[in-house]
Protein chains: 2
Amino acid sequence: MALTPYRHLEHEFRRLHAFRTAASILRWDCAVSLPRGSAALRGEQLAALETHCHTILTSPRVSRLLERAEANAQGLDEWQLANLREMRREREHAFATPQNLVAQLARATVRAQVCWLEARQKKDFSVLAPALEEVVNLTRDKAALLGNALGLNPYDALLDELSPKLTSQEIDTLLMPIVRRLPGLIQEIIDCQAVRQPLELTEHIAPAKQKELAVQLMKAMGFPFDRGRLDEAEYPLTSGAPDDLRLTSHFVGGQLLSGVVSVLHGMGHAMYSLGLPEAWRDQPVGREAGVAVRESQSSLLAMMIGRSQAFLQYLQPHLERIAGVSGPEWRVDNLYRALTRVRRSPVRAEADEVSYIVHLVLRYELEREILAGEIRITDLPEAWNARIDARLGARPANDAEGCLQDVHWPLGLFGYFPSCAIGAVMAAQLYETLRSEYPELDREIAAGHFSGLSVWLRENIHGHGARLSMAELIENATDKPLTSAAWLRYVEGKYLGE
Amino acid sequence: MALTPYRHLEHEFRRLHAFRTAASILRWDCAVSLPRGSAALRGEQLAALETHCHTILTSPRVSRLLERAEANAQGLDEWQLANLREMRREREHAFATPQNLVAQLARATVRAQVCWLEARQKKDFSVLAPALEEVVNLTRDKAALLGNALGLNPYDALLDELSPKLTSQEIDTLLMPIVRRLPGLIQEIIDCQAVRQPLELTEHIAPAKQKELAVQLMKAMGFPFDRGRLDEAEYPLTSGAPDDLRLTSHFVGGQLLSGVVSVLHGMGHAMYSLGLPEAWRDQPVGREAGVAVRESQSSLLAMMIGRSQAFLQYLQPHLERIAGVSGPEWRVDNLYRALTRVRRSPVRAEADEVSYIVHLVLRYELEREILAGEIRITDLPEAWNARIDARLGARPANDAEGCLQDVHWPLGLFGYFPSCAIGAVMAAQLYETLRSEYPELDREIAAGHFSGLSVWLRENIHGHGARLSMAELIENATDKPLTSAAWLRYVEGKYLGE
């Protein structure tokens, strides 16, 4: 029997999935194993792979099949219709971006990633500047073309690619109450916490021990090491595919807790991947519903769960046993105080969950100005430092603590940071519902049982794949549209409640 | 100005190079990092990549460009003409293999590789048998189709793919004098060596120390760690590309020297890759002249240089310093006796350079019988054991020491072992010429200077890429056609000379 146009499309997108996940493993390799001098070849490889994905998506065959499948959609079920919609979306995005630009961006981002590593080591932004400038110029071109094709302003077009349907106007509206409240909130919390500072946790723990602890934790949370790995890299990331999950983390001797937090962050992504609808794994509808939703899952794990008394009750005996730490500073109450201490630090990776939003908003503002040409790349370090000083009263000691903190811009991920901020807001609303619907959560987590949490997230978020949009997912899970109210309630309750 | 057809072809093959080297990195990842449960996805990725390479090679566009470039070849120089010839060769090979078979082989070889790892650990061939059977069936189909298209018998068609123009008849002729002489030769050497057995070298050296020593050695030999890596894997291999060389080795506590030998073997491949003509790196003429020539380079390094007094004089102080070994068994004379001791061992990786040929010839015989259907896969363990017992008087204790030794058949590499045997013969003839043309060789090697060796090999072999055939390379370098005479002279001189 001849295949229907829809089935032919599924076949084309299955092939696309193979190429994309291959590219994802090569990107993982860039972070974990790529020799520095091999970046040019890797750029060519990724350019070839991504160009080929573009060729598939923009082929006359796929366009024709889409039209025919859409015209004969009456026999398709809800998932198939959603899959068709996502296929169309991918095709429209690809069609708006010239193939040449896809190849140039692949090369430029590999180059910038390698320069970023070197610049960070040398604490010198000028090592990165030319490569970043190239990425910015190409991204600006892409934003203009994509915006034109999609009827969006250029920045919103980039956002739409990462977090479908999210606009800067919606972001501004959602974040406004938080942004207004933050300066006062941070000061109030700092004053409130001044009376009972935690003991410092600066003991040096060998990275190998930290990794052992991380593996233990990941196993407890259901990470399948028979189809995934944890490796060390300069920055934490999650890549690969649900069938081959590649997490990285960065373990630094004197920073045990930040290693744990980064693994929890990765586990938020990993649980999402693992909970995606299995039958749709190689189809557009079977992937995550965008970066904002994805980051809501890592926020939920690393910020809300990871900084709860219950989680620390579970973690503490493992810290003692595996990392070999003991003493009053490693008791649960002190760990909790350490992880919830609000500080004016210039470094995002070390930030508490309150000032974290300041870091994200700062990057959101800066990246719009960079793309609009209002900040020159060479002026970025000074603009960054002035801005973080004004917002948080913290001044980076050098570029590594300043605008070289994140690899995302070198990777061309503009629109990522505001998506994270929305993810944090979404996480708070989800967490509020989760706690009220699932009162045994804390007791289970304290006992190291994460499957209840996992099932709830799968039912409410993960299992829907990209069938529902972010707005639909949050309404579906919490019976309310997304607002910043839950985030404010959560933070005020947790940090000013007593 | 419009590009000529030849220039268009270069562009197509540059793209092909990017896809192929990407696939090579994914194959490396299979050996070094792939989680077991991720094999199915990796099979899909490699099937997609290799199918796409096949699509490029068999496209009407490439066929048309080849015809037009060949018809207008008068303006092309010697390298360009050779490149055109190699392009044509690749196109003919691809054209003879249906795309479906390419995809099936990619999936089957990944599956068989994973089963092989498990079978080895369990020392149980039955874990591998079904997956190997699938690879054999597919390879048999491929051999028939390729043979038909190229006018070769099926086995010779597989050989031709790995080692261009090498036929089983030529192999038989070349190896005959050695095969006839081997049984007597081995016994004579064993008798001769009986009077002065080496002290055993069974001290346990931590794999990390062994790796440190290997890295030291690789640096001395010019390995560029800024565009290459050394990792541990279950089996040694060299993959990637000259711009991103990925070596693996297998370091076992009590077997320091076999780790060194495997690194030298990999360095033979690496030096060849690094010496390829730089301007032609992404073109067919810029790659190695086939597996036999490639293996001649690893034989030269791991067998001839690596088992010389001069090399051991260089190595010995490093062993003492890095591996921390000392005592009479670690003195140069004992190391030399240990590395040149001829033994009846069932394990190829531990074999001396004389009995090594027996191992290769045995596999050559068996693989022809397997492909001809004369040995059933399920009968392979017993056939293997009986054969090695008859040829070498050694019986494997289990399947891991028997027919599970090598990953090559699971990877579909039929024709590899006889190519290695011819490589060993070629190495001896090259080594004879090298020593006579370059009398300072031993002195330099003893002093840890490998650049003279490297330059000679580059001038005579590496720098020609695939411009010259194996036969032309050996005639060019040694002024003689390839025969087994030099190998016999070399072995008799070294092992029975005194």
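Chain naming here is simple, since letters A, B, ... match the order of the sequence lines and numbering starts at 1 in each.
Taking 4.0 Å as the cut-off between side-chain N and carboxylate O, A/R36 and B/D226 do not count as a salt-bridged pair. Look at B/R91 and B/E12 and you find no salt bridge, because none of the NZ, NE, NH1 or NH2 atoms lies under 4.0 Å from a carboxylate O.
Contacts between A/S33 and chain B at a heavy-atom distance below 4.5 Å involve backbone atoms as well as side-chain atoms. Looking at B/L245, there are no atoms closer than 4.5 Å to chain A (heavy atoms on both sides), in backbone or side chain. Interface residue A/L49: backbone and side-chain heavy atoms are both found under 4.5 Å from chain B. Proximity to chain B (any heavy atom under 4.5 Å) is shown, for A/L34, by both the backbone and the side chain. Of the atoms belonging to B/R14, not a single heavy atom falls under 4.5 Å from chain A. Contacts of A/R246 with chain B are made by side-chain atoms alone, with heavy-atom separations under 4.5 Å and no backbone atom involved. Using a 4.5 Å cut-off between heavy atoms, B/D29 contacts chain A through its side chain alone, with no backbone atom that close.
Separation of atoms OH (B/Y272) and OG1 (B/T238) is listed at 13.5 Å; rounding is to 0.5 Å.
Across B/L41 and A/A241, no two heavy atoms sit closer than the pair CD2-CB, 3.6 Å. A/K122 and A/V127 make their closest contact through CD-CG2, 4.2 Å (heavy atoms, listed as atom of the first residue, atom of the second, distance). Residue A/C53 comes nearest to A/F19 through the heavy atom pair SG-CB, 3.7 Å, listed as atom of the first residue, atom of the second, then distance.
Looking only at atom types and distance, the side chain of A/R42 has a donor-acceptor partner in the side chain of A/Q45 under 3.5 Å away.
Heavy-atom pairs under 4.5 Å with chain A peak, among B/R281, B/R227, B/E44, B/H52, at B/H52. With chain B as partner, the option from A/A18, A/S38, A/G37 having the largest number of non-hydrogen pairs under 4.5 angstrom is A/S38.
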